[in-house]
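Worksheet: the structure to be examined is printed underneath.
In what follows, chains are A, B, ... by sequence order, proteins preceding strands, each numbered from 1.
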Number of protein chains: 2
Amino acid sequence: MYERKIPEDLECGINVSMKVLGGKWKACILDSISKGVRRPSELHTAISSAAPRVINMQLRELEEYGMVCKKIFPGTPLKVEYYLTPTGESILPLVAAIDQWGLTNRDHIIRMQEALQ
Amino acid sequence: MYERKIPEDLECGINVSMKVLGGKWKACILDSISKGVRRPSELHTAISSAAPRVINMQLRELEEYGMVCKKIFPGTPLKVEYYLTPTGESILPLVAAIDQWGLTNRDHIIRMQEALQ
DNA sequence: AAAATAAGGGAAAAATTATTCCCTGCGGGA
DNA sequence: TCCCGCAGGGAATAATTTTTCCCTTATTTT
């Protein structure tokens with residue numbers, strides 16, 4: 001893991017949530033898993049704009065924070081599945097709300113941004 | 001403005017919201033303004049962990065997205081106030097939910113992280 | 001005259017995150 | 001045998017974001 005130089009302030013709830021949801025693909029990954037996309041290769045296909053390596057790394061972080069847990073089915077071909085933990089489940093409404101706000105306000109944001117020539 | 005090299009995908013609502021809330025201090029700024037901290041220098045004091053320059057920049061972005069609007073009161077000393085726009089108001093429940101989830105789950109996250117030695 | 005307050009920006013450096021490239025190991029099919 | 005798909009990691013690089021440093025303008029206070 002990368003060792004931070006600037007200490008993070010976890011007093012603020014916003015920072016805690018952002019630690020979990022802030023990565024470029026973390027919310028998408030949680031959303032996908034909640035919809036039943038559990039296997040790494042399926043996630044790579046589902047979130048094709050992200051490089052597989054990136055998804056792996058963010059999965060590892062989500063696992064570290066106890067948002068998902070990884071089940072390894074030994075045997076061959078090796079099978080791995082990720083599941084949401086109760087804490088992971090508990091953040092889904094937030095992810096849904098974030099997605100919803102974004103969809104509702106996308107046009108506004110895009111328009112504003114284009115307005116600056 | 002910095003010119004992105006990797007295009008952003010605003011199809012996904014999550015990305016739209018993160019554009020607005022993703023900066024390290026944007027949610028804090030929106031929260032502060034909603035609580036009546038309107039003047040730049042007050043914001044600098046209220047969010048003292050952030051360098052003033054950073055707050056200025058994030059304010060400018062929030063203004064670009066139409067989340068806040070800036071009122072300049074000419075005269076001396078010059079007075080500036082930021083207000084939430086209706087769109088800015090509409091994201092407050094989301095900011096509150098993000099803060100709340102973080103506060104509720106802070107201990108869990110911290111514990112998990114410390115558990116990796 | 002010097003310093004403080006108000007608002008803010010340019011440029012560069014530092015920090016952080018994301019991405020790419022390539023490698024491992026296992027077993028199955030052509 | 002060679003290549004494919006599975007799961008995943010190391011190292012380096014690129015991209016992005018945050019921070020620091022210092023400068024500007026105008027008025028008021030000491």
Using the ring of A:Y82 (Phe, Tyr or Trp, six-membered ring only), decide whether A:K71 places NZ or CZ under 6.0 Å from its centre and within 45 degrees of its axis.
no
What is the separation between atom NZ on B:K79 and atom C1' on C:dA7, rounded to the nearest whole Å?
14 Å
To the nearest Å, how far apart are A:K5 NZ and C:dA13 P?
16 Å
State which residues pass side-chain hydrogen bond (donor to acceptor under 3.5 Å, both in side chains) with A:S90; sequence neighbours excluded, sorted by chain then number.
B:W101
Do NZ/NE/NH1/NH2 and the carboxylate oxygens of A:D107 and A:R111 come within less than 4.0 Å?
no
Side chains of B:E8 and B:R4 in contact at under 4.5 Å (non-hydrogen atoms):
yes
Donor on one side chain, acceptor on other, A:E63 and A:Y65, under 3.5 Å
no
Tell me: CH2 of A:W25 to C1' of D:dA15, nearest whole Å?
14 Å
Sorted by number, residues from residues 32-60 of chain A placing a heavy atom under 4.0 Å from DNA chain C are A:A51, A:R53, A:V54, A:M57, A:Q58
In whole angstroms, how far is the C1' atom of C:dT5 from the CZ atom of B:F73?
18 Å
Residue-phosphate contact under 4.0 Å: A:Y82 side-chain N/O, D:dA7 OP1/OP2
no
Separation of atom NZ in A:K70 from atom C1' in D:dC6, rounded to whole Å
13 Å
Give the rounded distance in Å between these two atoms: CD1 of A:I6 and C1' of C:dT17.
13 Å
Pick one: which of A:L62, A:L84, A:L92 meets side-chain contact (heavy atoms from CB on, under 4.5 Å) with A:I33?
A:L84
What I want to check is whether the side chains of A:E89 and A:T85 have a donor and an acceptor closer together than 3.5 Å.
no
Separation of A:K26 atom NZ from C:dT16 atom C1', in whole Å?
12 Å
Cut-off 3.5 Å, side chains only: do A:K19 and B:Q113 have a donor facing an acceptor?
yes
Spacing between A:E61 atom CD and D:dG9 atom P, to the nearest angstrom
13 Å
Looking at DNA chain C, which of residues 12-24 of chain A put a heavy atom within less than 4.0 Å of it?
A:G23, A:K24
Is the closest side-chain heavy-atom distance between A:R39 and A:V80 below 4.5 Å?
no
